Protein chains: 2
Amino acid sequence: MTEKTYHHGDLKNALIQAGIEILAKEGVAGLTLRKVARRAGVSHSAPYAHFPDKQSLIAAISTEGFNQLYTLLDAAILANTADPRQQLIAGTRAYTQFAIDHTDTFKIMFSSALEKEKEYPAFVEISQKTFERVVDVVRACQSAGVIRPGSPELLAVTIWGQVHGIISLALEGQIPHLVLGEHSIQEIVSFALGQMLQSQ
Amino acid sequence: MTEKTYHHGDLKNALIQAGIEILAKEGVAGLTLRKVARRAGVSHSAPYAHFPDKQSLIAAISTEGFNQLYTLLDAAILANTADPRQQLIAGTRAYTQFAIDHTDTFKIMFSSALEKEKEYPAFVEISQKTFERVVDVVRACQSAGVIRPGSPELLAVTIWGQVHGIISLALEGQIPHLVLGEHSIQEIVSFALGQMLQSQ
DNA sequence: ACCTGAACACCGTTCAAGT
DNA sequence: ACCTGAACACCGTTCAAGT
């Protein structure tokens, strides 16, 4: 069967993977179209056969990152179907761990590096799907009396925002040593989440 | 008296101002050392007499942004000395409004654009000073029974993180239309803050 | 001390050309 | 359809030179 045309059967995905690897090793500032092409073993103009511009590659990398995040989140939620409160706690832990393990992918997913995310349907879709998953858990928590009544979407934004904000501040080195010296990021996030849940 | 040597008496500050203006007009992606120099009316290598590299200019711009933010925050707090709860609400509103009014300055202050913030003492100082101001208000709220007892630093991280996270998600277009269609950012932040305060 | 202009390595993007 | 290589405009940074 057709082994490979030039270098890959699927250069598009090879480029996305190369991008994620560069992100992990050299950070956001090191992510260059030409480097990505080099790492994938093609000329610097080859990527343009698959992505109209650098923004599009970043969108594809972010989308892949969101897919991984969704998978982890979903697994954490499914592992705790008996207890909505535990679903929220485990989901939050998974989200936080993803940010710690894939710092620069996380940063690029939520950084202004991607300027017009609305132009990338796959990105919008998985990001909405992820949010919906959070809303589901919030609803379950409300039914169980763990979260107060009210718009589950608004409450989800509130909870997601808090978790996301603490992680962001931590990744940017904005959390004072006084606090980070005594608590891990996971502990701080967990403490914050605890505050939002009904105490009984 | 010495009017000006070449172009300015103070090219350093002129460059910082030019940077902030470019940020406001062209966004983070448009911020280029060469553009900053052009706007300040000097050659593209002139900035190197005042900043060792682009990172340093970004640090200076971020520091200036933090100074402005601190001023607004401080004013909001001082305008409500009688009521700690109102201090927190007004401070949060000022923080949020700064992010809305100076989106790209805000982004660069907290984005990974500044990679080694610890290397810039002025930046670290004003950022710590800002955090301390929040801690002060949290303490006052605790004394007034508006915030539960516990480490004021940890609680400050929690509150700041939530406000910061909601703003960040909003600026990145990550808050679903379903929610943003019904509430302004100020309303969402205000709702979230209300959740964190004791209801009496 | 402060600024200029040429130079270098690197980048994103385009395009004619090859298979 | 997929890829290459030359070309262009732009960038960050360096450095010898000017005042």
Side-chain angles (χ1 to χ4, degrees), chain A residues 1-19 21-23 25-62 104 108 111-116 119-120, chain B residues 1-19 21-23 25-62 104 108 111-116 119-120:
Chain A
M1 340 293 182
T2 72
E3 291 247 327
K4 39 177 162 178
T5 359
Y6 274 66
H7 287 86
H8 311 76
D10 191 3
L11 179 56
K12 185 165 188 172
N13 275 309
L15 291 168
I16 295 173
Q17 284 311 313
E21 289 164 22
I22 290 175
L23 227 32
K25 287 185 187 164
E26 307 186 39
V28 177
L31 186 67
T32 277
L33 253 190
R34 288 171 101 110
K35 267 190 207 160
V36 169
R38 221 174 293 146
R39 177 171 264 267
V42 292
S43 81
H44 64 263
S45 51
Y48 286 89
H50 301 276
F51 300 99
D53 52 24
K54 190 184 178 184
Q55 282 291 307
S56 282
L57 176 59
I58 292 180
I61 292 173
S62 298
D104 286 275
I108 221 171
S111 99
S112 39
L114 189 52
E115 283 171 352
K116 301 174 184 172
E119 294 179 9
Y120 304 96
Chain B
M1 341 296 180
T2 71
E3 290 248 326
K4 38 177 163 178
T5 359
Y6 273 65
H7 287 85
H8 312 77
D10 192 4
L11 179 55
K12 185 165 187 172
N13 275 308
L15 290 168
I16 294 174
Q17 283 311 314
E21 289 165 20
I22 290 175
L23 227 32
K25 285 184 187 168
E26 307 185 38
V28 177
L31 185 67
T32 278
L33 253 189
R34 287 170 102 111
K35 265 189 207 161
V36 170
R38 221 174 294 146
R39 178 172 265 265
V42 293
S43 81
H44 64 262
S45 50
Y48 286 89
H50 302 275
F51 301 99
D53 52 24
K54 191 185 178 183
Q55 281 292 306
S56 282
L57 176 59
I58 293 180
I61 292 173
S62 299
D104 287 274
I108 222 171
S111 99
S112 40
L114 189 51
E115 283 170 353
K116 300 175 183 171
E119 294 179 9
Y120 305 96

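Just so you know, these numbers come straight off a predicted model, no measurement behind them. The figures that follow rest on heavy atoms only: side chains count, while hydrogens, waters and symmetry mates do not.
Residue Arg34(A) places none of its side-chain N or O atoms closer than 4.0 Å to OP1 or OP2 of dT4(D).
No hydrogens or angles were tested; on distance alone, nothing pairs the side chain of Thr32(A) with the base of dG12(C) as donor and acceptor under 3.5 Å. The base of dA1(D) lies outside donor-acceptor range of the side chain of His50(A), with no N or O pair under 3.5 Å.
Atom-to-atom, CD1 of Ile22(A) to C1' of dC11(C) comes out at 13 Å; the value is rounded to the nearest Å. In this structure, Phe51(A) atom CZ and dC2(D) atom P are separated by 12 Å, rounded to whole Å. One can place CG of Asp53(A) at 9 Å from C1' of dG12(C), the figure rounded to the nearest angstrom. What separates CG of Asp10(B) from C1' of dC2(C) is a distance of 13 Å, to the nearest Å. Atom NZ of Lys54(B) and atom P of dC10(C) are 18 Å apart (whole Å). One interatomic measurement links the two molecules: CG of Leu57(A) to P of dT13(C), which rounds to 10 Å at whole-angstrom precision. Following rounding to the nearest Å, Arg38(B) (CZ) and dA9(D) (C1') show an atom-to-atom distance of 11 Å. Atom OH in Tyr48(A) sits about 15 Å away from atom C1' in dG5(D), given to the nearest Å.
Residue Ser45(A) places its side chain closer to dT14(C) than to any other of dT14(C), dC11(D), dT13(C). When each of dT14(D), dT14(C), dT4(C) is scored by its nearest atom to the side-chain atoms of His44(A), the top-ranked nucleotide is dT14(C). When distances run from any side-chain atom of Ala49(A) to the nucleotides dG12(C), dC2(D), dT4(C), the shortest one goes to dC2(D). Checking dA6(C), dC3(D), dG12(C) against the side-chain heavy atoms of Leu11(A) singles out dC3(D) as nearest. Set against dC3(C), dT4(D), dA6(C), the side chain of Ala46(A) has dT4(D) as its closest nucleotide.
Side-chain contact check for Leu11(A) versus Leu15(A): some heavy-atom pair is nearer than 4.5 Å.
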*Begin with the C-alpha distance, continue with both residues' side-chain angles, and end with the deciding distance and a verdict on side-chain contact (heavy atoms from CB on, under 4.5 Å) for Leu31(B) and Ile61(B).*
CA-CA 11 Å; Leu31(B) 185 67; Ile61(B) 292 173; 4.2 Å; yes
*Dump the intermediate steps for side-chain contact (heavy atoms from CB on, under 4.5 Å) on Arg39(B) and Glu21(B), then the final yes or no.*
CA-CA 9 Å; Arg39(B) 178 172 265 265; Glu21(B) 289 165 20; 2.3 Å; yes
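In summary, of the residues considered (Val36(A), Leu33(A), Ile16(A)), a side chain to side chain contact (heavy atoms under 4.5 Å, CB included) with Phe51(A) occurs for Ile16(A) alone.
Considering all non-hydrogen atoms of both residues, Gly30(B) and Lys35(B) come closest at O-NZ, 3.2 Å.
In this structure dG12(D) sits in a base pair with dC8(C), meeting the Watson-Crick or G-U test at under 3.5 Å. In this structure, dG18(D) and dC2(C) make a Watson-Crick or G-U wobble pair, each of the two defining distances being under 3.5 angstrom.
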